[in-house]
Trainee: 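This structure is in structure tokens; I'll ask about it shortly.
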Amino acid sequence: MVGIGLLVFVWVAVIAFVLGCVLKGLHYALTPMHLRWDLYPVAHEPRRDHGGSYLEEKDWWTHKRRTSLAAEVGVMGEEIVLLKGVWQHNRSLWWGSLPFHWGLYLLVVTTAGLVVQGLGWSPPVLTSVLPWVAGVGGFLLLLGSAVLLIERSSSPKLRPYTTPLDRLNLLLLLAFGAASMAVVLAGGFGGAGAAVTSILRFRAPEVTFLLGAQMALGALFVLYMPYTRMAHFFAKYFTYHKVRWDDRPYVAGGPFSSRLEAALEYGMDWSAPHIQSGHSWRDVVTHIPQQDEKGGQ
Amino acid sequence: MERPRIASQGDLVRFLDQNEGIDPARLVPLPYPYEDWVDEPIKEITEDQRTRIEVGPDGVCGAQIPVPQSEEEKERLVASFLEGLRKLLTKENNWTFLQPLLLSMENCVKCQTCAEACPIYTGSGHMEMYRPTFRAEVLRKIVDRYIKPGGKLFPKLRGNDIELDWETLVKLAELSYRCTLCRRCAQQCPVGVDNGLLTREIRKLFSQELGIAMPELHQVGTVKQLTVGSSTGLNPAGLMDIMEFAEEDITDKTGLEIKIPFDVEGAEYLVLHNAGEFLSWPENLQAFAIILEAAGISWTLSSELVGYDSVNYGLFYDDIQYSRIALKHYEIAKKLGVKKIMMGECGHAHKATMAVADRLIPDSLRVRAESCLVALEDLVTSDRLRLDPSRNDFPVTLHDPCNITRSMGIIQPQRNILAKIAPRFREMEPHGVDNFCCGGGSGFAVCQSLNFPDWRTRVSGRVKFKQILEAFADSIEPETHKYVCAPCSNCKGQMRDLLTYYDAWERCGIMYGGLVELIVNAMADIPEGFLEWEFH
Ligand code: SF4
Ligand code: SF4
């Protein structure tokens, strides 16, 4: 009975996760082109060391634009691996945030490894390394969550901005980290591999109480994570690539042209006196209201 | 005086109900010779004024919102606000910024990494209501509770326990005018959340739905610019008088006979100046004319309404007004058939015209635009002007306008120019892309109403003034004349008010001005003394 329940719950969680990520991704990706709002330094700019842009060049539009994907990857890597921004600007939080994130990374790696094994590829190195990855991941998540919980409950700068739900979330992750570590320490990691294999084959897994609890906690987290602000793990792609670093210049007749033309046809219904509600953007912004008409103030 | 503290999530909401006055003793301390400086308190808004105008939770009045006449009117305004909030979240009404708005609304992890980046929050002595996330959090709670489906379920658990009423809205509106949109906080946010953008969206919602905006930005800002020609109120006839005066002044100072060109079709550059220069700092306009003529550049100004004022205050509060002005600028340039637009020394005009408008101007109106800093760098470093840097043998520091640096990445050209003309140049710390706002950003510099100028000089400009003193620490005595180079009209307006309030010309010999004035002062073919060292 427990096995069937877990099987269903894990698959529901996976489906909810994928669905949540896809919906959220579409929610951001399908918004119209926005006005330019880049923010420097921009990682792919050759002048990034001083925060410069191609607008520093005379007749910049006559030069070929140079960008560096490697530099972008480097900056993103530093952020993901080292949480560099937090280290630089919010050191006290970094001590909890780094183990917290690394705990999650390692548990994701563990899950991926178990899935790979479950699909039939099981090199010995994977088998010997995975328990370590899981154990260390669990420990780091436990440690990070505990430190963050304390910080968020005691720091005058964090406490007012922390909701009870935030604390519950951290508690859940703390329990998940503790359970993950306990599974390894109790020598039950082999059972995790078998359970994942069963789930992949849509069969009810046989699990100990501890492993069952660990998997249920993990599944619960996976289930709701994309619907919370923890989705920042992929929203960051948009905040960086589609806003902060989006310095692509407009080229007449290029991809921005048609999107702009479409946007200018949207009808707006703002109600302030200076706006002719019910007309298209093109009509409203090309019309300058005079003193004696609506909008003339 | 102990600062009111927020102890818990619920307190954040209750905090809105209590006022937190500015305590001069808590403002960031200033270095020598200002250790003993005692700030004059910010003027109180009188009881009589309070019957007419709403006041912010800090006792300051920026948005100047008329007091509603009845409870019904308050309710109607709250309903309009919620209606506007719904519109703000639709692509039809807000395609211009919907994506960054959603990203910033939905992904803040409340880590407070951004807090210490904000010169207003730190300059005020860490007043909670100035924290970059504070107003964003209030907006988020309103959206979560009143707009999102199921928002009223478990409000305490989810932190949505906010009750929306007119008083809360007033506080939100006023607080949206306590951030200069400098985006320093956004730069330091590891997630990429932009609290400056969220502040602008709040202002925009109030303006576009309720018709509430700082009057200096709207009625006597964009509305005046679009109808009279310039937010300064300058009409074309007045413009010509000023130009005539400027030409005479150039002749008096330099002996040069320069005719300031207007409406020259097919010129290389249409130069867009902030018209505030014409009235407050005509030497800036004159210096531009001298440099461009000396370098043999074909250039022109426009005499058409809006075309002689690069200002676009819509950038700070309203997408409709912003778009109208940006389109007008390009339409005028296109009609004249100029090869390029040159943005004069005005930071927000740079960003409004060159960066933000880059995805607003249709193909049929496209004209390339360039920063004056880039064009001037070319002239100065290619030796097209004969320069004698020894004429600028005094300490100079550079203020980086946020809109030109952080929002556009134009950092180095102005430094390359100064390297050629200012032998005693020194940087402020931090500088360039990490600079601090002057405190007059997002249009604040032009707001002279009620007690807002007091707030600008004591709070929002405090950190900048501290930086200036530190940059000149080695020569702070008043006998040594020093120059803060601020290549931006609005920043200069704020510098004028800052240095005046702190009496910095008398106490320390600190002047301010633009970049072109320094260039002309170093031009070997011009008689010495273009820079007059008269504080104004
Ligand atoms: S805006 Fe960014 S830095 Fe500030 S609290 Fe939110 S996530 Fe943290
Ligand atoms: S944009 Fe600037 S002034 Fe506004 S909150 Fe951020 S740092 Fe402070």
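The shown structure was predicted, so the numbers you read here are calculated from the model rather than taken from an experiment. Every chain is numbered from 1 and lettered A, B, ... according to where its sequence line falls, protein lines coming before strand lines.
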Trainee: What verdict does the ring pair (Phe, Tyr, Trp, His ring centres under 6.0 Å) test give for B/H218 and A/H274, after you've listed the backbone C-alpha separation in whole Å, the side-chain angles of each residue and the deciding distance to 0.1 Å?
Mentor: CA-CA 10 Å; B/H218 189 66; A/H274 63 286; 4.7 Å; yes
Trainee: Quick one: what part of B/T113 sits under 4.5 Å from any heavy atom of chain A, side chain, backbone, both or neither?
Mentor: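 Looking at B/T113, backbone and side chain both touch chain A.
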Trainee: Of all of B/N94, B/L88, B/T90, B/L205, which one pairs up most often with chain A through heavy atoms under 4.5 Å apart?
Mentor: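 That would be B/L88.
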Trainee: Check whether A/F256 gets within reach of chain B through its side chain, its backbone, both or neither, counting any heavy atom under 4.5 Å.
Mentor: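 Contact with chain B is through the side chain of A/F256 alone.
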Trainee: Heavy-atom cut-off 4.5 Å, strictly under: side chain, backbone, both or neither for B/E377 against chain A?
Mentor: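 Side chain only.
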Trainee: Top residue by heavy-atom pair count (under 4.5 Å) with chain A, among B/K328, B/E106, B/Q321?
Mentor: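 Most heavy-atom pairs within the cutoff with chain A belong to B/E106.
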Trainee: Heavy-atom distances under 4.5 Å only: say whether B/R366 touches chain A with side chain, backbone, both or neither.
Mentor: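 Only the side chain of B/R366 comes within 4.5 Å of chain A.
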Trainee: Please flag which part of A/L168 lies under 4.5 Å from any non-hydrogen atom of chain B: side chain, backbone, both or neither.
Mentor: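 Contact with chain B involves the side chain of A/L168 alone.
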Trainee: Picking from A/R259, A/M268, A/E56, which has the most non-hydrogen pairs under 4.5 angstrom with chain B?
Mentor: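 Ranked by heavy-atom pairs under 4.5 Å with chain B, first place is A/E56.
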Trainee: Taking the six-membered ring for Trp, are A/Y237 and A/H241 parallel (under 30°), tilted (30 to 60°) or perpendicular (over 60°)?
Mentor: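 The arrangement is parallel - the two ring planes meet at less than 30°.
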Trainee: Where do A/K242 and B/Q99 land on the side chain to side chain contact (heavy atoms under 4.5 Å, CB included) test, with the steps shown first?
Mentor: CA-CA 9 Å; A/K242 297 295 173 196; B/Q99 191 185 51; 3.6 Å; yes
Trainee: Evaluate the ring pair (Phe, Tyr, Trp, His ring centres under 6.0 Å) criterion for residues B/H126 and B/Y121: first the C-alpha distance (whole Å), next the side-chain angles of each, then the deciding distance (0.1 Å), finally the verdict.
Mentor: CA-CA 5 Å; B/H126 297 89; B/Y121 176 59; 4.9 Å; yes
Trainee: Chain B heavy atoms under 4.5 Å from A/D246: which part of the residue, side chain, backbone, both or neither?
Mentor: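 Backbone plus side chain of A/D246, per the 4.5 Å heavy-atom cut-off to chain B.
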Trainee: Please assess B/D194 against A/R244 for the test salt bridge (charged side-chain N to carboxylate O under 4.0 Å, His left out), listing each intermediate value before the final yes or no.
Mentor: CA-CA 9 Å; B/D194 188 340; A/R244 274 179 85 147; over 6 Å; no
Trainee: B/A357 versus chain A, heavy atoms under 4.5 Å apart: side chain, backbone, both or neither?
Mentor: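 Neither part.
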Trainee: Which atoms of A/D59 come close to chain B, meaning under 4.5 Å heavy atom to heavy atom: side chain ones, backbone ones, both, or neither?
Mentor: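 For A/D59, heavy atoms of backbone and side chain both lie under 4.5 Å from chain B.
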Trainee: Report yes if the side chains of B/N107 and A/K236 come closer than 4.5 Å at any heavy-atom pair, otherwise no.
Mentor: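 When only atoms from C-beta onward are counted, A/K236 and B/N107 do not touch, as no gap falls below 4.5 Å.
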Trainee: Does any part of the side chain of B/R415, heavy atoms only, come nearer than 4.5 Å to the side chain of B/D400, both counted from C-beta?
Mentor: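 Counting from C-beta outward, B/D400 and B/R415 do come under 4.5 Å.
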Trainee: Between B/L77 and B/L210, is any pair of side-chain heavy atoms under 4.5 Å apart?
Mentor: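 With C-beta onward as the side chain, the pair touches.
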Trainee: Any side-chain heavy atom of A/D247 within less than 4.5 Å of one from A/Y54?
Mentor: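 When only atoms from C-beta onward are counted, A/Y54 and A/D247 do touch, with a gap below 4.5 Å.
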Trainee: Parallel, tilted or perpendicular for A/F233 and A/F17, by the 30°/60° rule?
Mentor: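 Parallel, since the angle between the ring planes stays under 30°.
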Trainee: Report the option among B/A369, B/S364, B/P100 that has the most heavy-atom pairs separated by less than 4.5 Å from atoms of chain A.
Mentor: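 Winner by heavy-atom pair count: B/P100.
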Trainee: Assess the residue pair A/D49 and A/R47 against the criterion (salt bridge (charged side-chain N to carboxylate O under 4.0 Å, His left out)); give the C-alpha distance rounded to whole Å, side-chain angles, the decisive distance to 0.1 Å, and a yes or no.
Mentor: CA-CA 6 Å; A/D49 285 348; A/R47 297 167 191 76; over 6 Å; no
Trainee: If you count heavy-atom pairs under 4.5 Å with chain A, which of B/L98, B/I361, B/V109 comes out on top?
Mentor: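 Among the listed options, the one with the most contacts to chain A is B/V109.
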Trainee: Pick one of side chain, backbone, both or neither for B/S104, based on which atoms fall under 4.5 Å of a heavy atom in chain A.
Mentor: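 Nothing of B/S104, per the 4.5 Å heavy-atom cut-off to chain A.
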Trainee: Which label fits B/F206 and B/F81: parallel for a plane angle under 30°, tilted from 30 to 60°, or perpendicular past 60°?
Mentor: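 Ring orientation, 0 to 90° scale: tilted.
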Trainee: Find the one option among A/A29, A/S153, A/A235, A/G85 whose heavy-atom pairs under 4.5 Å with chain B are most numerous.
Mentor: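 Option with the top pair count is A/A235.
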Trainee: Does any heavy atom of chain B fall under 4.5 Å from the side chain of A/L260, the backbone, both, or neither of them?
Mentor: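 For A/L260, the side chain is the part near chain B, not the backbone.
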Trainee: Find the one option among B/P190, B/A117, B/A326 whose heavy-atom pairs under 4.5 Å with chain A are most numerous.
Mentor: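 Most pairs with chain A among the choices: B/P190.
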Trainee: If you tally heavy-atom pairs under 4.5 Å against chain B, which of A/L35, A/T239, A/T31 wins?
Mentor: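 Looking at each option in turn, the highest pair count goes to A/L35.
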Trainee: Find the one option among B/G84, B/S207, B/A375, B/S371 whose heavy-atom pairs under 4.5 Å with chain A are most numerous.
Mentor: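 Answer, by heavy-atom pair count under 4.5 Å with chain A: B/S207.
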Trainee: By a 4.5 Å heavy-atom criterion (distance strictly below it), what part of A/K84 contacts chain B: side chain, backbone, both, or neither?
Mentor: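 A/K84 has no heavy atom closer than 4.5 Å to chain B.
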Trainee: Chain B heavy atoms under 4.5 Å from A/E261: which part of the residue, side chain, backbone, both or neither?
Mentor: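 When you check distances to chain B, only side chain atoms of A/E261 fall under 4.5 Å.
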Trainee: For B/I411, which atoms come within 4.5 Å of any heavy atom of chain A: side chain, backbone, both, or neither?
Mentor: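 For B/I411, backbone and side chain are both near chain A.
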Trainee: With a 4.5 angstrom heavy-atom cut-off, which part of A/R91 approaches chain B: side chain, backbone, both or neither?
Mentor: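 Neither; nothing under 4.5 Å.
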Trainee: Report which part of B/C108 has an atom under 4.5 Å of a heavy atom belonging to chain A: side chain, backbone, both, or neither.
Mentor: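 The backbone, not the side chain.
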Trainee: Can you say whether B/D318 sits under 4.5 Å from chain A via the side chain, the backbone, both, or neither, judging by heavy atoms?
Mentor: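 B/D318 touches chain A through side-chain heavy atoms alone.
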Trainee: Does A/V81 offer a backbone N or O that forms a donor-acceptor pair with the side chain of A/W102 under 3.5 Å?
Mentor: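 Side chain of A/W102 to backbone of A/V81: a pair is present.
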Trainee: Does B/Q187 reach the side chain of B/D434, with side-chain heavy atoms less than 4.5 Å apart?
Mentor: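 Yes, at least one pair of side-chain atoms sits under 4.5 Å.
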Trainee: Non-hydrogen atoms of chain A under 4.5 Å away: do they reach the side chain of B/R200, the backbone, both or neither?
Mentor: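 The answer is the side chain of B/R200.
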Trainee: Among the options A/T228, A/L55, A/D269, A/T286, pick out the one with the most heavy-atom pairs lying under 4.5 Å from chain B.
Mentor: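 Highest number of heavy-atom pairs under 4.5 Å: A/D269.
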Trainee: Is chain B contacted by the side chain of A/Y240, its backbone, both, or neither, given a heavy-atom distance below 4.5 Å?
Mentor: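 Looking at A/Y240, just its side chain touches chain B.
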Trainee: State, with a plain yes or no, whether a side-chain heavy atom of A/K24 is found less than 4.5 Å away from one of A/P226.
Mentor: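 Side-chain contact under 4.5 Å: no.
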Trainee: Which region of A/V243, side chain (C-beta onward) or backbone (N, CA, C, O), has a non-hydrogen atom less than 4.5 Å from a non-hydrogen atom of chain B, or is it both or neither?
Mentor: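 The side chain, not the backbone.
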Trainee: Kindly indicate whether the side chain of A/R229, heavy atoms from C-beta on, has any atom under 4.5 Å from the side chain of A/D166.
Mentor: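 A side-chain contact exists here, since the closest heavy-atom pair is under 4.5 Å.
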Trainee: If you count heavy-atom pairs under 4.5 Å between each of A/Q88, A/E57, A/E151, A/R152 and chain B, which one has the most?
Mentor: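 Highest number of heavy-atom pairs under 4.5 Å: A/R152.
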Trainee: Below 4.5 Å from any heavy atom of chain B, which atoms of A/L39 appear? Answer side chain, backbone, both or neither.
Mentor: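 For A/L39, the contact with chain B is made by backbone and side chain together.
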Trainee: Using the side chain to side chain contact (heavy atoms under 4.5 Å, CB included) rule, take B/E370 and B/M342 through it: C-alpha gap first, then chi angles, then the decisive distance, then the call.
Mentor: CA-CA 5 Å; B/E370 188 164 81; B/M342 181 197 290; 5.7 Å; no
Trainee: Got B/K204 and B/F97 here, is their nearest side-chain heavy-atom distance under 4.5 Å?
Mentor: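 Side chain of B/K204 against side chain of B/F97, heavy atoms only: contact under 4.5 Å found.
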Trainee: Is it the backbone or the side chain of B/F154 that comes under 4.5 Å from a heavy atom of chain A, or both, or neither?
Mentor: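 Neither the backbone nor the side chain of B/F154 comes within 4.5 Å of chain A.
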Trainee: Report yes or no: is the cationic atom of B/R368 (NZ for Lys, CZ for Arg) under 6.0 Å from the centre of the six-membered ring of A/W60, at an angle within 45° of the ring normal?
Mentor: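 Here B/R368 passes the 6.0 Å and 45° test against A/W60.
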Trainee: Tell me, side chain or backbone of A/E79 under 4.5 Å from chain B's heavy atoms, or both, or neither?
Mentor: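 For A/E79, side-chain heavy atoms alone lie under 4.5 Å from chain B.
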